[in-house]
Amino acid sequence: MPINQPSNQIKLTNVSIVRLKKAGKRFEIACYKNKVQDWRNGTETNLDDVCQTSNVFVNVSKGQVASSEDLKKAFGTVSADDIVREILKKGEIQLGEKEREHASSNTLKEIATLVAEKCVDPITQRPYPVGMIEKAMSEAGFSLKPGKTTKSQVLECIKLLQSNSTLPIQRARMRVRVTMPMKDGKRLKDAVLETAEKVEENDFAGDEWEAIMVIDPGQFKVLNELIQSDTALKGKGRVETLSMAAGAAEDL
């Protein structure tokens, strides 16, 4: 149904604002805290449980409601549900100072946790506690980069810790299994084993060659490309990750 846009200002409190810029204008909707992500991941489907009001604003904080003319021009409709759904789908969540601090703290914790999962002490080959990684991140001057994914920032964080912190750290080694037909194994065995730091098994059994190796994570892409690019294999070669070797490879 069409939006009945009132001319007066509306004051809302304790809201999560979602903003979308369209047709040269800014449009905002007022949502309940934490409900936007629930809508986006599909756990919440009722708009009434997501939005505090069906009104569309140009500025929620000031209570300034968008005109029906601007909405029609920008969205091609005056249907409340259609407009709100588009803003929920495409808009950016506007965070207050406390929310930004909380989000940043959570992201830093997530990065530290991922670093702890991926890295070890080079001497003991054991993982570090997350708290120790967080302390090293602070020491190294690590800061979040807006617009970059958590995954890419994890890799940047590891490099920064290796160069700027006093914490000895390296990527945990990967334990992989490589299998292929025997005739291809005889042909590619040397090239495959060159990527390994340690070879645990190197066997020809039946009509298949199998190798179990410990490699630096950086060699996984090299190894995978070696197998995938060999046209003679015709897709019969396989690289399988068995585990990260942290905590299980003290003799490396």
For this session: Just do the side-chain contact (heavy atoms from CB on, under 4.5 Å) check on Val15 and Val60 with the steps written out, would you?
Result: CA-CA 9 Å; Val15 298; Val60 168; 4.1 Å; yes

For this session: Kindly indicate, with the supporting measurements, whether the criterion salt bridge (charged side-chain N to carboxylate O under 4.0 Å, His left out) is fulfilled by Lys22 and Glu86.
Result: CA-CA 11 Å; Lys22 190 165 185 176; Glu86 181 170 345; 2.4 Å; yes

Exercise. Passes side-chain contact (heavy atoms from CB on, under 4.5 Å), Phe220 versus Thr195? Steps please.
Worked result: CA-CA 8 Å; Phe220 183 81; Thr195 66; over 6 Å; no

For this session: Give the intermediate values and the outcome of side-chain contact (heavy atoms from CB on, under 4.5 Å) for residues Arg171 and Leu155.
Result: CA-CA 10 Å; Arg171 292 286 301 274; Leu155 298 177; 3.8 Å; yes

For this session: Go through Trp39 and Leu47 one step at a time and tell me if the side-chain contact (heavy atoms from CB on, under 4.5 Å) criterion holds.
Result: CA-CA 8 Å; Trp39 170 271; Leu47 286 177; 3.4 Å; yes

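Gln125 and Gln170 share a side-chain donor-acceptor pair at under 3.5 Å.
Here Asp70 contributes atom CG and Arg26 contributes atom CZ; the two are 13.0 Å apart, rounded to the nearest 0.5 Å. Atom-to-atom distance recorded for Arg85:CZ and Ser79:OG is 8.0 Å, nearest 0.5 angstrom. The line from NZ of Lys35 to CD of Gln52 is 12.0 Å long, rounded to the nearest 0.5 Å. Annotation: the span from Arg177 atom CZ to Glu200 atom CD amounts to 10.5 Å, rounded to 0.5 Å. How far CD of Glu210 is from CG of Asp203: 7.0 Å, rounded to the nearest 0.5 Å. To the nearest 0.5 Å, the span separating OG on Ser165 from NZ on Lys135 amounts to 11.5 Å.
Looking at Ser152, its side chain never comes within 3.5 Å of a backbone N or O of Lys148 through a donor-acceptor pair.
In this structure, Ile215 and Arg173 have side chains that are not in contact, with every pair of non-hydrogen atoms separated by 4.5 Å or more. Residues Val56 and Ile87 are in side-chain contact: their nearest non-hydrogen atoms beyond the backbone lie under 4.5 Å apart. For the pair Cys31/Leu88, a side-chain contact is recorded, criterion being any heavy-atom separation below 4.5 Å from C-beta on. When side chains are defined from C-beta on, Ile212 does not count as touching Val176, because their heavy atoms never get closer than 4.5 Å. At a threshold of 4.5 Å between non-hydrogen side-chain atoms, the residues Met213 and Lys198 do not count as touching. You'll find the side chain of Ile227 reaches within 4.5 Å of the side chain of Val178, heavy atoms only.
Alongside Met137, the hydrophobic cluster contains Leu108, Ile111, Leu114, Val115, Tyr128, Met132, Ile133, Phe142, Leu144, Val154, Ile158, Leu160, Leu161, Leu167, Ile169 (criterion: ILVMFWY side chains under 4.5 Å).
The heavy-atom pair separating Val222 from Gly218 by the smallest distance is CG2-O, 4.1 Å.
Pairs engaging residues 220-236 under the side-chain hydrogen bond (donor to acceptor under 3.5 Å, both in side chains) rule: Arg187-Asp230 [sequence neighbours left out].
Look at Glu92 and Lys21 and you find no salt bridge, because none of the NZ, NE, NH1 or NH2 atoms lies under 4.0 Å from a carboxylate O.
Residue Asp207 qualifies as open at atom CG: its count of foreign heavy atoms under 6.0 Å is 12 or below.
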